[in-house]
K.L.:
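One structure, as structure tokens, below. Some questions next.
This is a predicted model, so every value here is computed, not measured. Remember, it's 1-based here, ligands and their atoms both numbered in the order they're listed.
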Amino acid sequence: MTTERRFACLAEDVAPGTAITVPGDPPIAVYHTEEGEFYATADTCTHEKWSLGSDSDLEGCEVTCPLHMARFDIRTGEALCFPATVALRTYATEIDDGKVFVVG
Ligand code: FES
């Protein structure tokens with residue numbers, strides 16, 4: 001598997017406590033926690049394909065998909081509760097001169 005470093009967005013584009021979708025193949029959700037950390041996962045909920053970067057609730061390092069209330073740990077991608085049972089793919093993030101890059 002190759003490792004790719006991809007420009008995602010400007011750090012200032014993602015307010016603390018929110019997420020955005022970075023379009024592409026595949027689309028990636030970039031999260032900015034209230035604590036100031038950036039994380040990235042696959043954008044698509046593993047339950048029924050909801051866009052987590054476009055519409056979700058971020059609390060700490062847990063994101064809730066509003067469609068059926070599945071929760072995921074954005075650090076590991078782990079599905080924390082039903083109805084999701086499959087983890088989200090995760091990507092490393094690098095902040096460089098105010099820009100967010102995702103790696104993976
Ligand atoms: S689509 Fe996300 S919980 Fe169902």
Side-chain angles (χ1 to χ4, degrees):
M1 195 166 92
T2 57
T3 300
E4 189 185 335
R5 186 180 195 251
R6 170 173 152 193
F7 171 72
C9 58
L10 297 176
E12 67 188 28
D13 289 343
V14 196
T18 70
I20 65 165
T21 296
V22 177
D25 185 20
I28 293 174
V30 173
Y31 308 87
H32 186 184
T33 68
E34 295 282 1
E35 290 72 31
E37 300 291 330
F38 285 87
Y39 294 95
T41 71
D43 183 61
T44 307
C45 180
T46 59
H47 178 232
E48 282 187 2
K49 303 192 185 308
W50 189 260
S51 169
L52 296 171
S54 304
D55 186 7
S56 60
D57 293 310
L58 183 62
E59 204 173 315
C61 288
E62 289 184 14
V63 66
T64 301
C65 175
L67 203 53
H68 308 103
M69 307 307 282
R71 284 184 291 115
F72 299 90
D73 186 322
I74 60 173
R75 298 167 295 187
T76 62
E78 181 186 0
L80 299 174
C81 73
F82 197 75
T85 56
V86 176
L88 293 166
R89 179 177 175 185
T90 57
Y91 300 83
T93 57
E94 294 176 0
I95 313 302
D96 192 350
D97 196 24
K99 301 183 182 83
V100 181
F101 294 86
V102 294
V103 183

K.L.:
What N/O/S atom of His68 gets nearest to atom 4 (Fe) of ligand 1?
P.N.:
ND1
K.L.:
Taking only heavy atoms of Ala70 into account, list the atoms of ligand 1 that are under 4.0 Å away from them.
P.N.:
3 (S)
K.L.:
Answer yes or no: is there a donor N or O on one side and an acceptor on the other, between the side chain of Thr21 and the main chain of Ser54, under 3.5 Å?
P.N.:
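Yes.
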K.L.:
Hey, does the side chain of Trp50 reach the backbone of Asp55 with a donor-acceptor pair shorter than 3.5 angstrom?
P.N.:
yes
K.L.:
Taking 4.0 angstrom as the limit and counting only heavy atoms of Glu48, give me the atoms of ligand 1 inside it, by number and element.
P.N.:
1 (S)
K.L.:
Strictly by modelled atom types, are Tyr31 and Thr41 linked by a side-chain donor-acceptor pair under 3.5 Å?
P.N.:
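On atom types as modelled, these side chains qualify, holding a pair under 3.5 Å.
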K.L.:
Specify whether an N/O/S atom of Cys65 falls short of 2.8 Å from atom 2 (Fe) of ligand 1.
P.N.:
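Of the N, O and S atoms in Cys65, at least one lies under 2.8 Å from atom 2 (Fe) of ligand 1, which means yes.
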K.L.:
Return the orientation label for the His32 and Phe38 ring planes: parallel under 30°, perpendicular over 60°, tilted otherwise.
P.N.:
parallel
K.L.:
For a distance under 2.8 Å, tell me if Cys45 has an N/O/S atom near atom 2 (Fe) of ligand 1.
P.N.:
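Coordinating: yes.
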K.L.:
Out of all atoms in ligand 1, which are within 4.0 Å of some heavy atom of Leu67? Include the element for each.
P.N.:
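Reading through ligand 1 atom by atom, the close ones are 1 (S).
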K.L.:
Can you tell me if Phe7 has over 12 outside heavy atoms packed within less than 6.0 Å of its CZ?
P.N.:
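Result for CZ/Phe7: enclosed.
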K.L.:
Which atom name would you report as the N, O or S atom of His47 nearest atom 4 (Fe) of ligand 1?
P.N.:
ND1
K.L.:
For the side chain of Thr46 and the backbone of Val86, is there at least one donor-acceptor N/O pair under 3.5 Å apart?
P.N.:
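Yes, because the side chain of Thr46 sits within donor-acceptor range (under 3.5 Å) of the backbone of Val86.
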